[in-house]
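Bear in mind that the values here come from a model prediction, so they are computed numbers and not experimental data. Worth knowing before you read on, the calculation uses all heavy atoms, side chains too, and leaves out hydrogens, waters and symmetry mates. Every chain is numbered from 1 and lettered A, B, ... according to where its sequence line falls, protein lines coming before strand lines.
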Protein chains: 2
Amino acid sequence: MASKDRILRLKEETRVNILDAALLIGKQEGWQALSMRKIADIIEYTAPIIYEYFANKEAIMMELTKKGYCILAKAMKAAKEAQDTPAKQLEALWITYWNFAFTEKELYQLMFGIEVNCCVFEKSIPEIEGPANMLTASIKEVMGNKNPTEDEVCKWYYTFWSIVHGLISINHVRQSVPDGINEQVLKDAIAGIIQAIKE
Amino acid sequence: MASKDRILRLKEETRVNILDAALLIGKQEGWQALSMRKIADIIEYTAPIIYEYFANKEAIMMELTKKGYCILAKAMKAAKEAQDTPAKQLEALWITYWNFAFTEKELYQLMFGIEVNCCVFEKSIPEIEGPANMLTASIKEVMGNKNPTEDEVCKWYYTFWSIVHGLISINHVRQSVPDGINEQVLKDAIAGIIQAIKE
DNA sequence: ACCTTTGTTTAACACTGTTAAATTATTTAA
DNA sequence: TTAAATAATTTAACAGTGTTAAACAAAGGT
């Protein structure tokens, strides 16, 4: 019976509509504002219907996470194929990763557990500057004999901060970083950057 | 009147109790489980009195964030003073930062907007491995002539991932990264790591 | 026409942050 | 000591959340 197919197609369509609605809310209002009733509003149903398609709210976010990984993988594949040497390919892969994180900002936040809501203050909390000031001061000292520009110090500060914070974040959300890798990456990176700063 | 002082002291005490209770819940159940009524339960009051001490829930988390920065600053100060050369000091600062992120894991997550709840699946989503596989494969290719061990490839993979993800995270939660720094850090880091891989 | 299955909604439960009103306790004044 | 004023605390409520069970309506098959 063809009507069965039509109904299946309709069901698949509302499944997609649910995901689209959820992504829309995530983009417009942030993930913390995502609610089942808001999704229901957009797809013009009542909330319980969503549970016919997804086990719960988290399952919807999981599906979007999956979608994010697919989009990212596709973009990376294309980027790699556009280059000829291995080194260029590797660079292109990471540039693509970087670009994805901003063109699909909300998906990236979902995929890697980044919260934007709290601690966006920045101003109004002087304590935030304590560690930052100490680090930039220390970097300046290491570069003492070379009269570095403010921009250069800033660059090294963010280079340090990025790798340390990045490694921490990865460890916090995923506990499966292979044994010993943390120490190796951290030690080598710090030593490497200090070396690069000096010369 | 001394009774005024006693009352002020009591008020200060419950203020501290509120913060302690909030931190306890954050540590035991995660920040997403923090609620005003749970705090009230612990300090043996009802929820509305918390609003005599803090404007709202976010203000409590802000205060804990501030506390986190103070603890971190203090530890970093001590770490720096324990070293004599600028290079050693710089290294000690970052090691201290790293250690803080794990000994005060929950505070760190509050300070830098790390969500742990979602996307902790890891298993059960094969899509997650697509990008990872492409990147490690590409790294292997760049190292093609040197027969690298699995561990070495893994190290470089995490080195790359950490710095890129770290820089992205920082940009997502704080929009105040100075102009041009992103490009500089990203480009130099990628080039530097590829260089280090090759030699 | 009736029965069964499916799709959909309503109502409810146990929560959440937050506020206003009511209540209790404490301090002050007479 | 008692009465009034003030402060401390709680209760009740509102609007929202995720989720489930029951009620209802629509369609399908016999």
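- Between A:Glu44 atom CD and C:dT9 atom C1' the separation is 15 Å, expressed in whole Å.
- Between B:Lys11 and B:Ala47, the residue whose closest nucleotide on DNA chain D is further toward the 5' end is B:Lys11.
- Rounded to an integer number of Å, the gap from CG of B:Asn56 to P of C:dT16 is 17 Å.
- Ring orientation note: the planes of B:Phe112 and B:Tyr97 are tilted relative to one another, at an angle of 30° to 60°.
- Atom-to-atom, CD of B:Glu52 to P of C:dA25 comes out at 18 Å; the value is rounded to the nearest Å.
- Following rounding to the nearest Å, A:Ile39 (CD1) and D:dT17 (C1') show an atom-to-atom distance of 12 Å.
- For A:Arg37 against D:dG16, no side-chain N or O and base N or O form a donor-acceptor pair under 3.5 Å.
- Closest to the side chain of A:Ser35, from the set C:dT9, D:dT10, D:dT17, is D:dT17.
- Taking CG from B:Leu107 and CD1 from B:Ile71, the interatomic distance works out to 5.5 Å, rounded to the nearest 0.5 Å.
- Atom OH in B:Tyr45 sits roughly 7 Å away from atom P in D:dT10 (whole-Å rounding).
- Heavy-atom contacts from other residues, nucleotides or ligands closer than 6.0 Å to NZ of B:Lys57 number more than 12.
- The side-chain heavy atoms of A:Tyr53 and A:Lys11, taken from C-beta on, include a pair separated by under 4.5 Å.
- As a whole-Å value, the separation of A:Ile60 CD1 from D:dG18 P is 9 Å.
- A salt bridge is defined here as a Lys NZ or Arg NE, NH1 or NH2 lying under 4.0 Å from an Asp or Glu carboxylate O, and B:Lys140 with B:Glu152 fails to meet this definition.
- Checking D:dT11, C:dT9, D:dG18 against the side-chain heavy atoms of A:Met36 singles out D:dG18 as nearest.
- Across all strands, A:Tyr51 comes closer than 4.0 Å to base atoms (heavy-atom distances).
- Nucleic acid contact for A:Leu34: sugar-phosphate only, since backbone atoms but no base atoms lie under 4.0 Å from a heavy atom of the residue.
- Atom CD1 in B:Ile50 sits roughly 16 Å away from atom P in D:dA8 (whole-Å rounding).
- In this structure, A:Leu10 atom CG and D:dA27 atom P are separated by 13 Å, rounded to whole Å.
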